[in-house]
Amino acid sequence: MDNQELHRGLEERHITLMSLGACIGVGLFLGSAKTIELAGPAILLAYIVSGAIMFIIMRALGEMAIQNPVAGSFSRYARDYVGPLAGFLTGWNYWFLWVVTCMAEITAVGVYMELWFPSVPRWIWALAALVIMTIVNLITVKAYGEFEFWFALIKIVAIILMIITGFLIILFGFGNGGVATGISNLWTHGGFAPNGIKGILASMQMVMFAYLGIEMLGVTAGEAKNPEHTISRAINTVFWRILIFYVGALFVIMAIYPWNEIGTGGSPFVLTFEKVGIPKAAGIINFVVLTAALSSCNSGIFSTGRMLFNLAEQNQAPAPLKKVSKTGVPAMAVILSAGALLIGVVLNYLVPEKVFTWVTSISTFGAIWTWALILIAQLRYRRSLGKTEVSKIKFKAPLWPISSYIALAFLAMVVVLMGVYPDTRIALVVGPVWLILLIVIYFAKGMNKRDNI
């Protein structure tokens with residue numbers, strides 16, 4: 001290995017599908033039942049509003065990423081426009097949130113494989129998933145892109161089939177004895193918002209977790225073949241596609257089944273496919289969810305490796321992590337991240353029942369920090385430019401700066417809500433403790449003196 005540049009091997013189809021794949025996963029297939037329980041059919045509003053906020057954040061990121069397409073993306077922008085400490089905290093925090101998320105995903109792989117191989121211990125499947133995804137990430141960035149493309153495609157096809165099947169049941173009674181279900185279930189069981197505004201707010205943390213991963217578009221900037229075209233197009237289309245998949249799928253599910261019964265009789269995806277006579281629906285959906293977990297693990301190893309590479313380039317991580325293999329991959333950074341994920345294999349013995357809620361809330365806290373720093377960095381970036389330079393920006397964020405302030409206020413509200421509800425409160429302990437630990441390391445290692453030279 002030698003110090004080289006990362007290879008620009010990611011094409012537009014890779015990046016578009018990667019951004020969709022990172023978001024559409026366990027949060028939709030498994031987490032949606034919990035959000036519906038909290039908010040009822042009004043959960044559709046929560047996804048639409050949160051989606052609009054994510055679009056503002058992504059346009060802010062896209063503005064900087066297209067002007068300066070580098071590995072590490074928002075960590076570098078936080079360093080350049082907010083300060084070296086902000087860049088250090090953002091980079092390591094993002095690494096941590098993906099390690100935590102991937103621990104849950106590789107644990108989930110073991111759970112899904114139990115359906116077909118009940119006698120094989122879960123930890124074996126978790127370890128196998130980790131090893132395979134690490135090898136994929138060590139080959140070339142294009143190999144990673146291809147795997148992620150097909151993983152994401154499987155999920156997307158399953159959701160599209162689910163939405164089409166659902167509308168056939170709603171409109172024509174397909175699989176329901178010819179009796180069209182209509183959409184009255186959206187308001188006949190306690191109303192559209194049965195738990196009121198309180199229920200919608202309670203669901204917001206889980207809804208925001210569903211969007212975790214969309215910011216990966218920025219991480220790909222350093223390896224995109226044509227950043228200006230691919231990233232701008234991906235950002236502008238991914239928001240609408242995610243809204244269609246999330247809102248479309250949940251609309252269909254809640255129209256067919258009473259919202260207060262969803263999750264009590266198994267996965268609504270399985271129930272819908274079984275309703276129209278598709279054999280072995282449980283096995284099909286299990287395969288889809290398995291690919292969703294592998295996809296998230298794959299994305300996590302990719303993004304954590306690039307973030308460590310960027311931190312090492314800025315002398316905020318050990319120097320060997322900026323070594324690039326002959327195939328243009330930050331191999332040492334990828335291996336270190338995979339090593340941290342081995343803890344996830346151990347968690348197969350220790351995982352308590354509430355771990356999914358804990359992991360999602362801790363990950364959401366980390367994501368909110370990242371999203372907030374993207375907005376703050378973009379505000380500082382734009383203010384550092386003169387009028388002539390502003391006019392040359394290729395991909396301007398709309399309604400700046402009002403949109404950025406609205407998004408920051410929304411993120412602050414979600415943090416407050418996480419403190420209100422007991423299940424998510426742990427994130428406001430673990431998240432700040434992690435940030436304090438990073439600050440102590442930053443000053444103890446004298447990085448503040450080195451960064452200010």
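Atom CZ of Phe192 is separated from atom CE of Met254 by 7.0 Å, given to the nearest 0.5 angstrom. Here the CH2 atom belonging to Trp369 is positioned 8.0 Å from the CD1 atom belonging to Ile376, to the nearest 0.5 angstrom. The CG atom of Leu341 lies 10.0 Å from the CG atom of Leu336; values are rounded to the nearest 0.5 Å. Between Leu61 atom CG and Ile56 atom CD1 the span is 14.0 Å, to the nearest 0.5 Å. Here the CD atom belonging to Gln378 is positioned 11.0 Å from the CD1 atom belonging to Ile57, to the nearest 0.5 angstrom.
For the pair Ser203 (side chain) and Leu38 (backbone), a donor-acceptor distance under 3.5 Å is absent. Without hydrogens or angle criteria, Trp259 side chain to His189 main chain gives a donor-acceptor distance under 3.5 Å. Listed for the Arg76 side chain is no donor-acceptor partner under 3.5 Å among the backbone atoms of Gly87.
Relative ring orientation between Phe96 and Trp434 is described as parallel, the plane-to-plane angle staying below 30° on a 0-90° scale split at 30° and 60°. Relative orientation of the Phe117 and Trp125 rings is tilted, given thresholds of 30° and 60° on the angle between their planes.
The side chain to side chain contact (heavy atoms under 4.5 Å, CB included) check on Ile163 picks up Ile159, Phe167, Ala249, Val252, with sequence neighbours excluded. Looking at residues two or more places apart in sequence or on another chain, you find a side-chain hydrogen bond (donor to acceptor under 3.5 Å, both in side chains) between Thr304 and Ser337.
Within 6.0 Å of atom CZ in Phe287, 12 or fewer heavy atoms from other residues, nucleotides or ligands are found, so the atom counts as exposed in its surroundings.
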